[in-house]
Amino acid sequence: MENQLEQQQPQAAYDDKQIQVLEGLEAVRKRPGMYIGTTSAGGLHHLVYEIVDNSIDEVMNGGCDTIEVTLYPDNSVSVKDNGRGIPAGYNEKTGKPTLEVIYTKLHAGGKFGGGGYKMAGGLHGVGASVTNALSAWLEVENHRDGHIYTERFERGNVVRPFAMTGETDLHGVTVHFKPDPDIFEETVFEYEVLLKRMREQAFLNAGVKIILNDRRTDEVRQDVLHYEGGIVSFVEHLNANKHCECLHPQVIYMKGEYNGSIAEVAMQYNDSYNEMILSFANNMATVEGGTHETGFKSALTKVLNDYARKTGVIKGDDKNLSGEDVREGLCAIISVKLEDAQFESQTKAKLGNSDIRTLVDNIVSQKLEEYLEENPAVGKIILDKALTASRAREAARRARELTRRKNVLEGSTLPGKLADCQEKRSELTELYLVEGDSAGGSAKDGRDSRFQAILPLRGKVLNVEKSRLDKVYSNQQLIPIIQALGCGIGEEFDLSKLRYGKIIIMADADVDGSHIRILLLTFFFRHMKKLIEEGHIYLAQPPLYKVHKGKTVRYAFNDAERDRYIAELGGNAEAERYKGLGEMDPEQLWETTMDPAYRTLLKVEIGDAIACDEIFSVLMGDQVEPRREFIEKNAKYATNLDI
Ligand code: 1YM
């Protein structure tokens, strides 16, 4: 990236290295998106990660065990570590202080030839200079070899030169900076976002202590993140937050090394029906997986099948357990550290190094087999879980076969209640899932039938969080939805067959409506996640009030809007509260909720896969107490509770 950039820049007429350095940071300020993704909240937090990453590198190199991150009232933030401190010398080529080079030169030396585990590619590792370029000011205080060295920058430029400013018994680096409000749309850090990232880093680097302080209000908040158990603690944390039962008390942990690369795996089964595998390469989440994940999955399936045959649980011609069978209820973390990480895919979130697949496969094949030999009771529990999953999958397959023979789940039959649209190109079509027959009737009459299809839903949808696949596939409320969408489900899901580009859930703005929304979202999240990931699922926003005076009518979507319209139309104006969609006539429903020119749709997105998994488990799962706690904690966010 650095080379490309330098080529794109006009050739400097003067051969002054200082100028070139400044031009480098100018490029960052001109196109910040290229370096940190966005200039909204995501990019803002990224500035902190870049600095913390340097401290984490020092942890990995064995020089540092404590990192402290502090937020201040002026929206500045400091990161302090107790590592070796930055070398205090001068750069041979430029004659500039090493510290200054790190903070002013893009990509200074690809992790400075230090032999660390810095990543090549992706947003990660673009480094401290990017944070400096995008900060209104940044100060470094470096404790090394008994001396304190400081330097200050503003918008990437040196304003107080590098100098020795004192003596010290300590060692380590403190960086204090304030993101530039001219660059960022959002300048207020979100504590929870930083906390999540710092916790993740603490899990991934066993033993490091990360302290997070919030000094922005009188009530100082502090979290100390310190896990001697590393990724074992990570798995315990994830399973505890899911509020399900673990099937065996101990997390299984495996680690191995080859050719300078290290791989670690921690895993534990719970009684849910979902799998949760999180993978990391050099402490960065690889949300699209990659070779480390593939190696893990294939070894797991192989080891458990071998073990099942060896113990006689599977015999002779019996079918093998599938990958999905052995991963039902599995929570696992895979973390690899390697020198030259290669990333695939657009988002650089998929690891490509093929030797890592072999490494992880070997470790899991060997260590898991040993573990099962030594812990036959746990082995039995895991096989029981996988066998039950396998039987359920078999039952689901039969249910699907049966319904398929009647052409039920295939696109060829459409549900009787569906009022389809004329348009066939799915980019242009919309399917409204409407709560209740009467609202369904209004929607049918009010819609633009050229591109809008309506499927009324009667009664409560199945809670799939508590149901196995066979029940899902034979459920009378879900079958029409699966049929209408046309893209199949489970192993046969095929996004290219989707019949509607937008799937819009339209339910009342009351408790029952919320329940239907969450049940449908649970179904899509657990069984057709791609639809959410690819942005096909929407929530309709029906108005809460009709404000009218004479023939003038306004629709209000919240109380403030209602009051504004009443004031605008004059004191006699009347406001009527809609009790439900069914109360609106077809024209009103079209005007307020379905007409693309005026309606508001909320697109459903998975911001945070772990948080989503937890929320669905807590809200829809077996245990009542965590649900009560969640609702109490979040009730304040519910704006229109109808009791
Ligand atoms: C709050 C941010 O940057 N800590 C930090 C940075 C470095 C070192 C230690 C370090 C690295 C090496 C040797 C090495 C850096 N040094 C360099 C460079 N904290 C923070 N702590 N000695 C110390 O990688 O070989 C770059 S970063 F280039 F000078 F070595």
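As the structure lists them, so they are numbered: ligands from 1, and atoms in each ligand from 1.
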* Asked: Going by the atom numbers of ligand 1, which of them fall below 4.0 Å from some non-hydrogen atom of Asn54?
  -> 3 (O), 20 (C)
* To do: Give the atoms of ligand 1, by number and element, whose distance to some non-hydrogen atom of Thr98 is under 4.0 Å.
  => 29 (F)
* Do Asp355 and Arg357 sit within salt-bridge range, that is, some charged N less than 4.0 Å from a carboxylate O? -> no
* Asked: Does Asp182 pair with Arg29 as a salt bridge, N-O distance under 4.0 Å?
  -> no
* To do: Could you list all the salt bridge (Lys or Arg N to Asp or Glu O under 4.0 Å) pairs where at least one residue sits in residues 59-85, not counting sequence neighbours?
  => Glu58-Arg84
* Output yes when Glu605 and Lys529 qualify as a salt bridge under the 4.0 Å nitrogen-oxygen rule, no when they do not. => no
* State the atoms of ligand 1, each with its element, that fall below the 4.0 Å cut-off from a heavy-atom position in Glu58. => 8 (C), 9 (C), 10 (C), 11 (C), 21 (N)
* Asked: Hey, is Arg327 close enough to Glu275 for a salt bridge, meaning N to O under 4.0 Å?
  -> yes
* **salt bridge (Lys or Arg N to Asp or Glu O under 4.0 Å): pairs with one or both residues in residues 364-375, sequence neighbours excluded** => Lys310-Glu373
* To do: Is it possible for you to check whether Arg216 lies under 6.0 Å from the centre of the six-membered ring of Tyr72, through NZ or CZ, and within 45° of that ring's axis?
  => no
* Report yes if Ser55 has an N/O atom closer than 3.5 Å to an N/O atom of ligand 1; otherwise report no. => yes
* Run the numbers for me: atoms of ligand 1, each under 4.0 Å from some heavy atom of Pro87, listed by number. => 16 (N), 18 (C), 22 (N), 23 (C), 29 (F), 30 (F)
* Considering only heavy atoms, does Val79 approach ligand 1 within less than 4.0 Å through its side chain, its backbone, both, or neither? -> both
* **Contact atoms of ligand 1, heavy-atom distance to Ile51 under 4.0 Å** => 1 (C), 2 (C)
* Asked: At under 4.0 Å between heavy atoms, which part of Asp81 makes contact with ligand 1: side chain, backbone, both or neither?
  -> side chain
* Asked: With a 4.0 Å cut-off on heavy atoms, does Gly85 reach ligand 1?
  -> yes
* Asked: Applying a strict 4.0 Å limit to heavy atoms, is Arg144 in contact with ligand 1?
  -> yes
